[in-house]
Amino acid sequence: MNRLADATSPYLLQHAENPVDWWPWGPEAFAEAERRGVPVLLSVGYAACHWCHVMAHESFEDAGLAGYLNERFVAVKVDREERPDVDAVYMEAVQAATGQGGWPMTVFLTPDKEPFYFGTYFPPQPRHGMPSFRQVLEGVDAAWRDRRQEVGEVAGRIRADLAERAAVYSAGAHHPPGDADLHQALVALSREFDQTRGGFGGAPKFPPAMVIEFLLRHHARTGSEGALEMAVRTGEAMARGGIHDQLGGGFARYAVDADWVVPHFEKMLYDNALLLRVYLHLWRATGSELARRVALSTADFLLRELRTPEGAFASALDADSLDEETGASAEGAYYVWEPGQLVDLLGPADAATAARLFTVTADGTFEHGTSVLQLLADPEDFAEYEEIRRRMFEARASRPAPARDDKVVAAWNGLAIAALAETGALLDRPDLVEAAERAADLLLAVHLTPDGRLLRTSRDGRPGTNAGVLEDYADTAEGFLALYAVTGETEWLQLAGGLLDTVLKHFTDEASGALYDTADDAEELIRRPQDPTDNATPSGWTAAAGALLGYAAYTGSDRHRTAAERALGIVGALAGRAPRFIGWGLAVAEALQDGPREIAVVGPADDPATAALRRAALLGTAPGAVLAVGAPGEAAAEVPLLADRPLVGGAPAAYVCRHFACEAPTTDPAALGARLGVVLE
């Protein structure tokens, strides 16, 4: 066992028995490199990463290669999900130098943490124009020993380039995007939209959750049918494709093809939390029964396969699992089917129906003649379909299951809390609201420190040691705000406010309003990471802007609203140039353009009229609208939106406001729905 044996990260523990003498990230590793006068090999990945596993088996488990590596380098292993700050800084350098990135990320550093050579996966033997990992090690070692001055110059240039990039984000010269900017973003997205297959761009195709949220909000505010069409067609294409688990619910990380057929099979908490909310909002905007089914099956997947014993949600399921026929680990083995398997399970008649429903063919759509399940059209007989699906799901459950990365990440649980709370309230599933509350309770008990700071991760109910980054504060606050809207419990609003005050104090550049991914008292890296663009999740920058805007709408706080507006300045600069990568920022900007609407429903909690108004408000499509529900005079001191809101004629009433200036109250749920863009009856 090496130094990773005491780690809490499942990814680091996967490498604890490697012959490589791994060090965890920390000052001790770099002090050792300085003492020995050798460079640092930084290897970054995560537990569900397929090619990380491949490189580990091919290279890091090779005793001869490990011996060479241990002699000439200090090897440091990092879980990118535990240390997104380390990952972000060096991934930016990799992408700037090579034009591409990915995991495993392989970076060579000086003992001063400065990068000078980069890559991702390297094979054990030269292939496809790539050098072998051994050749890379030998080349870097030779450069370090024989051309040290040149190595230093390269490292210095890279560091200067990163600093120059950071200056662009902190310039603070932009204003929040206006209507023209948001229209320009829509036009740019329409150019990249795949009219045939849905989605944006070509292969590989990632689920564009944040962009769909923008499109739905833009449609709600402007009536743009083009925006709605792109959202609906993309949602349906993903739901019917192989990226969607047609038996168990939930979505894989991405599709390797442009048709959404063959996924990269790992299933991540963040993707499924974001897509759960997307399909709920698609249903709310259109009444689509497909969107409703997908939302509910995704929620059920989260509870069934990712919920931990402590009540929070695990990070991911692996792409690989044991292939029962070969006895080897293989990507997708748990999910794919052959026609003969259907016959053995269902008999010839039902097997033919299943093959037709799920597009299982003799030639297959995946490796070795296997097929990834799709549902290209709704079945004519839903009862027959559900029975076949149930039997296939139960049979699949007997296969060796993919491994689970069971660490709890604060940010991703915040996303899940928001999605489950809204879904439970809108689709009459109180168990989902309860699950959201349990996850939130775990974050409070384990991740929130006595001084109000967040820890990034926990495992088995034990806190990790890594400080929370901006997305942890922003997404957790977003989850707490959603819980407040659904439950009316003011504690969640207060807790969100505390997290956002930390964002203002420790993550915000007062001069420009720009936001940093790490706190001002976090570990110092070669540069302080900062990025307003989305990756697989909303950027911490724009997620914070959204939570700040929502909190301001509840409280009337100019301080929080001004911070949100300043943070959105960068969105105006990127809206027309890179809308696919600033989707959540565009969605928040839509809320700002719309107000956002502030809805106060006043009435006794047990009065059906109060419940009817509350449901009408939740069904509203007004972008970023906030909802406070309470009895007259109750909680007004804690929730300013409820202050001075009396009943109307003795009946529960709803007030719709912008910047705390309100329209005439209404006691009619239908009238309230009309103001808020309710589609469903």
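For clarity, every value in this text was computed on a predicted model and none was experimentally measured. Residues: numbered from 1 along the sequence shown.
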Participant: Minimum heavy-atom separation for V107 to P115, with atom names?
Facilitator: CG1-CB, 3.8 Å
Participant: With a 4.5 Å cut-off on side-chain heavy atoms, are T537 and M210 touching?
Facilitator: no
Participant: I need the single residue from F480, Y551, Y554 that forms a ring pair (Phe, Tyr, Trp, His ring centres under 6.0 Å) with W492. Which is it?
Facilitator: F480
Participant: Below 4.5 Å, heavy atoms only, C-beta onward: do T457 and L455 meet side chain to side chain?
Facilitator: no
Participant: For the residue pair G235 and L282, what are the closest heavy atoms and their distance?
Facilitator: CA-CD1, 4.1 Å
Participant: Going by distance alone, is a donor N or O of one side chain under 3.5 Å from an acceptor N or O of the other, for W23 and N2?
Facilitator: no
Participant: So that I can tick it off, tell me whether R3 and E28 are bridged by a salt bridge, with the cut-off set at under 4.0 angstrom between side-chain N and carboxylate O.
Facilitator: no
Participant: Determine whether a donor-acceptor pair (N or O, by modelled atom type, separation under 3.5 Å) exists between the side chain of R307 and the backbone of A435.
Facilitator: no
Participant: Whether the side chain of R217 engages the backbone of A587 through a donor-acceptor N/O pair (distance < 3.5 Å, no angle test) should be reported.
Facilitator: yes
Participant: Distance-only, no hydrogens or angles: does the S9 side chain make a donor-acceptor pair with backbone N or O of Y11 under 3.5 Å?
Facilitator: yes
Participant: Fit a plane to each ring of Y254 and F206, take the angle between them on a 0 to 90° scale, and name the class: parallel (under 30°), tilted (30 to 60°) or perpendicular (over 60°).
Facilitator: tilted
Participant: Does the distance from a Lys or Arg side-chain N to an Asp or Glu carboxylate O, for K267 and D318, drop under 4.0 Å?
Facilitator: no
Participant: Are the side chain of D594 and the backbone of A591 linked by a donor-acceptor contact shorter than 3.5 Å?
Facilitator: no
Participant: Please examine the side chains of I212 and Y279, heavy atoms only from C-beta on, and report whether any two atoms are closer than 4.5 Å.
Facilitator: no
Participant: Surrounding CD of E17 (heavy atoms of other residues, nucleotides or ligands, distance under 6.0 Å), is the total greater than 12?
Facilitator: no
Participant: Should E491 and Y484 count as side-chain neighbours, where that means a heavy-atom distance under 4.5 Å?
Facilitator: no
Participant: Below 4.0 angstrom, N of the basic side chain to O of the carboxylate: do D85 and R83 qualify?
Facilitator: yes
Participant: Do T555 and H560 get their side chains close enough for a donor-acceptor pair, meaning under 3.5 Å?
Facilitator: no
Participant: What distance separates H264 NE2 from R253 CZ, expressed to the nearest 0.5 Å?
Facilitator: 9.0 Å
Participant: Roughly how far, to the nearest 0.5 Å, is CH2 of W541 from OH of Y516?
Facilitator: 8.5 Å
Participant: Should E82 and K407 count as an ion pair when the cut-off is N to O under 4.0 Å?
Facilitator: no
Participant: Is there a donor-acceptor pair closer than 3.5 Å between any side-chain N or O of S539 and the backbone N or O of N535?
Facilitator: no
Participant: Can you tell me if R304 uses its side chain to pair, donor with acceptor, with the backbone of G248 under 3.5 Å?
Facilitator: yes
Participant: Any sub-3.5 Å donor-acceptor pair from S321's side-chain atoms to Y334's backbone N or O?
Facilitator: yes
Participant: Taking side chain as C-beta onward, heavy atoms only, is W25 less than 4.5 Å from L42?
Facilitator: yes
Participant: Charged N to carboxylate O under 4.0 angstrom, D406 versus R459?
Facilitator: yes
Participant: Testing the basics here: between A295 and L280, what is the closest heavy-atom pair and its distance to 0.1 Å?
Facilitator: CB-N, 3.9 Å
Participant: Where is the tightest heavy-atom contact between A209 and L274, given as atom of each residue plus distance?
Facilitator: CB-CB, 3.8 Å
Participant: So which heavy atom on A411 is nearest to which on D472, and how close?
Facilitator: N-OD1, 2.9 Å
Participant: Are F265 and Y335 close enough that their ring centers fall under 6.0 Å?
Facilitator: yes
Participant: Is NZ or CZ of R80 both nearer than 6.0 Å to the six-membered ring centre of Y46 and within 45° of the ring axis?
Facilitator: yes
Participant: Taking atom types as modelled, is there a side-chain donor on H50 or E266 under 3.5 Å from an acceptor on the other?
Facilitator: no
Participant: With a 4.5 Å heavy-atom cut-off, do V76 and L41 have their side chains touching?
Facilitator: no
Participant: Do R453 and D521 sit within salt-bridge range, that is, some charged N less than 4.0 Å from a carboxylate O?
Facilitator: yes
Participant: With a 4.5 Å cut-off on side-chain heavy atoms, are W51 and W103 touching?
Facilitator: no
Participant: What I'd like to find out is whether the side chain of F60 reaches to under 4.5 Å of the side chain of S43, using heavy atoms alone.
Facilitator: yes
Participant: So, taking the atom named CG in L303 and the one named CG in L432, what distance separates them when rounded to the nearest 0.5 Å?
Facilitator: 6.0 Å
Participant: Please answer whether the main-chain N or O of L296 pairs with a side-chain N or O of R429 as donor and acceptor at a distance below 3.5 Å.
Facilitator: no
Participant: Does R566 reach the main-chain N or O of E510 with its side chain, forming a donor-acceptor pair under 3.5 Å?
Facilitator: yes
Participant: One thing to verify: whether E471 and R456 come together as a salt bridge, which I'm taking to mean a side-chain N less than 4.0 angstrom from a carboxylate O.
Facilitator: yes
Participant: Show your working on side chain to side chain contact (heavy atoms under 4.5 Å, CB included) between I599 and V626 and close with a plain yes or no.
Facilitator: CA-CA 6 Å; I599 309 159; V626 302; over 6 Å; no
Participant: Check V571 against P177 and note the closest heavy-atom contact, atom names and distance.
Facilitator: CG1-CG, 3.9 Å
Participant: Is R438 salt-bridged to E434, going by a charged N under 4.0 Å from an acidic O?
Facilitator: no
Participant: For E523, is there an ion pair with K113 - N to carboxylate O distance below 4.0 angstrom?
Facilitator: yes
Participant: Quick one: does any side-chain atom of T508 pair with a main-chain N or O of L515 as donor and acceptor, under 3.5 Å?
Facilitator: no
